[in-house]
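Scroll down for the structure; my scribbles are underneath it.
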Amino acid sequence: MPKLKRLPAKFYYQNTFKLARSLLGKFIVRKIGSKNLIGKIVETEAYYGPNDLASHASAGKTERTKIMFDKPGAAYIYLIYGMYYCFNIVTEAKDFPAAILIRALEPINFSKEANGPGKLCRALKIDKKLNGENLITSKKLYLAKNLKSTSTEALKERRQIKSAKRIGVDYAGKYKDKLWRFYLKNNPYISHK
DNA sequence: CCTGGGATTTTCT
DNA sequence: GAAAATCCCAGGA
């Protein structure tokens with residue numbers, strides 16, 4: 001088990017695309033009762049700004065999407081296809097809508113599959129009750145890094161980052177082919193190749 | 001390898 | 001009333 005340290009507010013205050021890459025190799029900690037479920041992030045997707053047609057925020061600020069306009073470090077969680085929740089991390093300054101969808105985790109101390117945004121939320125028991133949760137202060141859900149990771153290990157992992165088209169957004173016009181999905185090359189837990 | 005459909009419900013038009 | 005940032009299963013090539 002890696003020794004983990006919660007990521008500070010500062011971590012979330014960086015450009016969305018940089019952050020989407022920085023998140024790879026970091027850990028999600030989900031506390032349920034006295035137990036922690038821990039997974040390593042291996043795949044992310046960026047949704048950026050009011051013009052990105054793949055983003056919910058392109059339709060404007062609504063009851064559902066208002067969290068995307070919040071400050072960095074908020075959790076945006078929504079129900080998709082009537083069955084699955086998706087977990088996102090809000091980025092960019094207040095009132096600029098952007099978020100990063102966490103698409104896949106490598107399970108560290110649990111056995112359920114988490115290779116896909118819906119499966120990930122099912123495995124970590126993330127639902128709408130956690131929508132708007134502040135990841136910087138929350139006791140139930142937060143992000144962390146490996147305290148013992150050396151700089152050479154971190155560098156090695158950085159070199160494993162690949163980018164690709166986002167999944168399931170063929171309707172998004174000129175935004176559908178943006179290479180805004182990021183994943184760790186050769187990691188067996190990513191949702192798509 | 002690929003394509004298509006069903007499950008299930010919130011959200012927006 | 002249709003669509004949706006998904007997943008799983010069946011069937012065809």
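The shown structure was predicted, so the numbers you read here are calculated from the model rather than taken from an experiment. So you know, we letter chains A, B, ... as the sequences are listed, proteins then strands, and number each from 1.
What separates CD1 of Ile77(A) from P of dT10(B) is a distance of 16 Å, to the nearest Å. The distance between atom CG of Leu79(A) and atom C1' of dT10(B), rounded to the nearest whole Å, is 6 Å. Distance OH (Tyr85(A)) to P (dT8(B)): 14 Å, rounded to an integer number of Å. Nucleotide dT9(B) holds its C1' atom 12 Å from the CZ atom of Arg64(A), rounded to whole Å. The distance from atom CD1 of Ile80(A) to atom P of dT9(B) is 14 Å, rounded to the nearest whole Å. Lys66(A) has its NZ atom 11 Å from the P atom of dT11(B), to the nearest Å. The CG atom of Asp127(A) sits 18 Å away from the P atom of dT8(B) (whole-angstrom rounding).
Taking the centre of each ring, Tyr48(A) and Phe96(A) come in below the 6.0 Å mark. Ring to ring, Tyr76(A) and Tyr78(A) are close: their centroids are under 6.0 angstrom apart.
Closest approach of Arg122(A) and Tyr84(A) over heavy atoms only: NH1-CE2, 3.9 Å. Residue Leu184(A) comes nearest to Ile41(A) through the heavy atom pair CD1-O, 4.1 Å, listed as atom of the first residue, atom of the second, then distance.
Bracketed by its first and final contacts, the part of DNA chain C lying under 4.0 Å from non-hydrogen atoms of chain A reaches from dA4(C) to dC8(C) in 5' to 3' order.
Distance noted for atom P between dC2(B) and dA5(C): 23 Å (whole Å). Here the separation of dG4(B) from dA3(C), taken at their P atoms, is 16 Å to the nearest Å.
Annotation: proximity of residues 39-48 of chain A to DNA chain C (heavy atom, distance under 4.0 Å) is found for Tyr47(A), numbered in ascending order.
To the nearest 0.5 angstrom, Ile102(A) atom CD1 is 5.0 Å from Ile28(A) atom CD1. The distance from atom OG of Ser58(A) to atom OH of Tyr47(A), rounded to the nearest 0.5 Å, is 11.0 Å.
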- prompt: When Watson-Crick pairs (N1 to N3 and N6-O4 or O6-N4) and G-U wobble pairs (N1-O2 and O6-N3) count only below 3.5 Å on both distances, what is the dot-bracket string of DNA chain C, with | for other-strand pairs?
  reply: ||||.|||||||.
